[in-house]
Amino acid sequence: AETYCVAYHRTKAEDGPQKDFLAGVRYVDRIERRDGGPWLIANRVVVMEWTRWDPIVEQWDATAHFTMGRRDHSDLVYGAG
């Protein structure tokens with residue numbers, strides 16, 4: 001199986017301004033089904049396609065226009081909406 005991913009990482013500013021690190025990767029997986037059980041990943045290779053650093057020049061306050069994601073049980077996926 002092959003899965004594409006774009007990863008975004010906001011770096012913490014220690015000496016300078018914050019930056020965003022972006023990476024395009026592919027997960028190349030070999031999947032197996034053993035003894036009639038579920039299909040599972042038996043081996044995974046992460047293939048790096050590209051990377052870049054972006055300065056943070058401006059941020060848009062999307063809170064007035066969208067439901068914002070949360071990293072706790074108050075996120076919409078838990079039925080809190």
Side-chain angles (χ1 to χ4, degrees):
E2 182 178 49
T3 306
Y4 292 84
C5 173
V6 177
Y8 300 85
H9 303 275
R10 177 143 300 170
T11 62
K12 291 184 178 180
E14 293 180 14
D15 294 17
Q18 286 187 319
K19 292 184 177 182
D20 286 336
F21 175 71
L22 288 82
V25 300
R26 288 183 293 137
Y27 297 108
V28 179
D29 299 328
R30 181 173 50 82
I31 56 176
E32 292 180 356
R33 186 175 186 195
R34 298 178 185 170
D35 299 323
W39 288 93
L40 299 172
I41 297 170
N43 185 56
R44 169 170 279 176
V45 176
V46 179
V47 180
M48 184 69 63
E49 293 292 338
W50 55 267
T51 63
R52 76 180 197 214
W53 286 96
D54 289 343
I56 302 169
V57 294
E58 186 177 347
Q59 294 189 74
W60 176 50
D61 183 12
T63 59
H65 306 285
F66 295 98
T67 300
M68 301 302 292
R70 304 276 314 221
R71 293 188 172 159
D72 58 29
H73 280 89
S74 67
D75 189 85
L76 185 64
V77 74
Y78 292 100

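Since the structure is predicted, the reported quantities are computational estimates derived from the model, not experimental observations. Because only heavy atoms are used, hydrogens play no part in the values below, and waters and symmetry mates are left out as well, while side chains stay in.
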(message) Rounded at 0.5 Å granularity, tell me how far OH in Tyr78 sits from CG in Asp72.
(response) 8.5 Å

(request) For Trp39, enumerate each residue passing the ring-ring contact (aromatic ring centres under 6.0 Å, His included) test, keeping only those at least two apart in sequence or located in another chain. (result) none

(message) Just to verify, what does Thr63 make a side chain to side chain contact (heavy atoms under 4.5 Å, CB included) with, not counting sequence neighbours?
(response) Asp61, Met68

(request) Sort and list the pairs that fulfil salt bridge (Lys or Arg N to Asp or Glu O under 4.0 Å) and have at least one residue in residues 13-23, not counting sequence neighbours. (result) Arg10-Asp20

(message) Can you list, by chain and residue number, the hydrophobic cluster partners of Phe21 when the side-chain cut-off is 4.5 Å?
(response) Trp53

(request) Please write out which residues are connected to Val46 in a hydrophobic cluster, directly or through intermediates, given that two of Ile, Leu, Val, Met, Phe, Trp, Tyr count as joined at side-chain heavy-atom separations below 4.5 angstrom. (result) Val25, Tyr27, Met48

(message) According to salt bridge (Lys or Arg N to Asp or Glu O under 4.0 Å), who are the partners of Arg34, at least two apart in sequence or on a separate chain?
(response) Glu32

(message) Please check: side-chain N/O of Asp75 versus main-chain N/O of Val77, any donor-acceptor pairing under 3.5 Å?
(response) yes

(message) Under the rule for salt bridge (Lys or Arg N to Asp or Glu O under 4.0 Å), what residues qualify as partners of Arg71, not counting sequence neighbours?
(response) none

(message) Taking side chain to side chain contact (heavy atoms under 4.5 Å, CB included) as the definition, give me every residue that meets it alongside Val57, ordered by chain and number, with sequence neighbours left out.
(response) Pro55

(request) Determine which pairs satisfy salt bridge (Lys or Arg N to Asp or Glu O under 4.0 Å) with at least one residue from residues 40-59, sequence neighbours left out, and list them in order. (result) Arg26-Glu49, Asp29-Arg44, Arg52-Asp54

(request) Sequence neighbours left out, what passes side chain to side chain contact (heavy atoms under 4.5 Å, CB included) with His65? Give chain and number order. (result) Trp60

(request) With sequence neighbours excluded, tell me which residues meet ring-ring contact (aromatic ring centres under 6.0 Å, His included) with Tyr8. (result) none

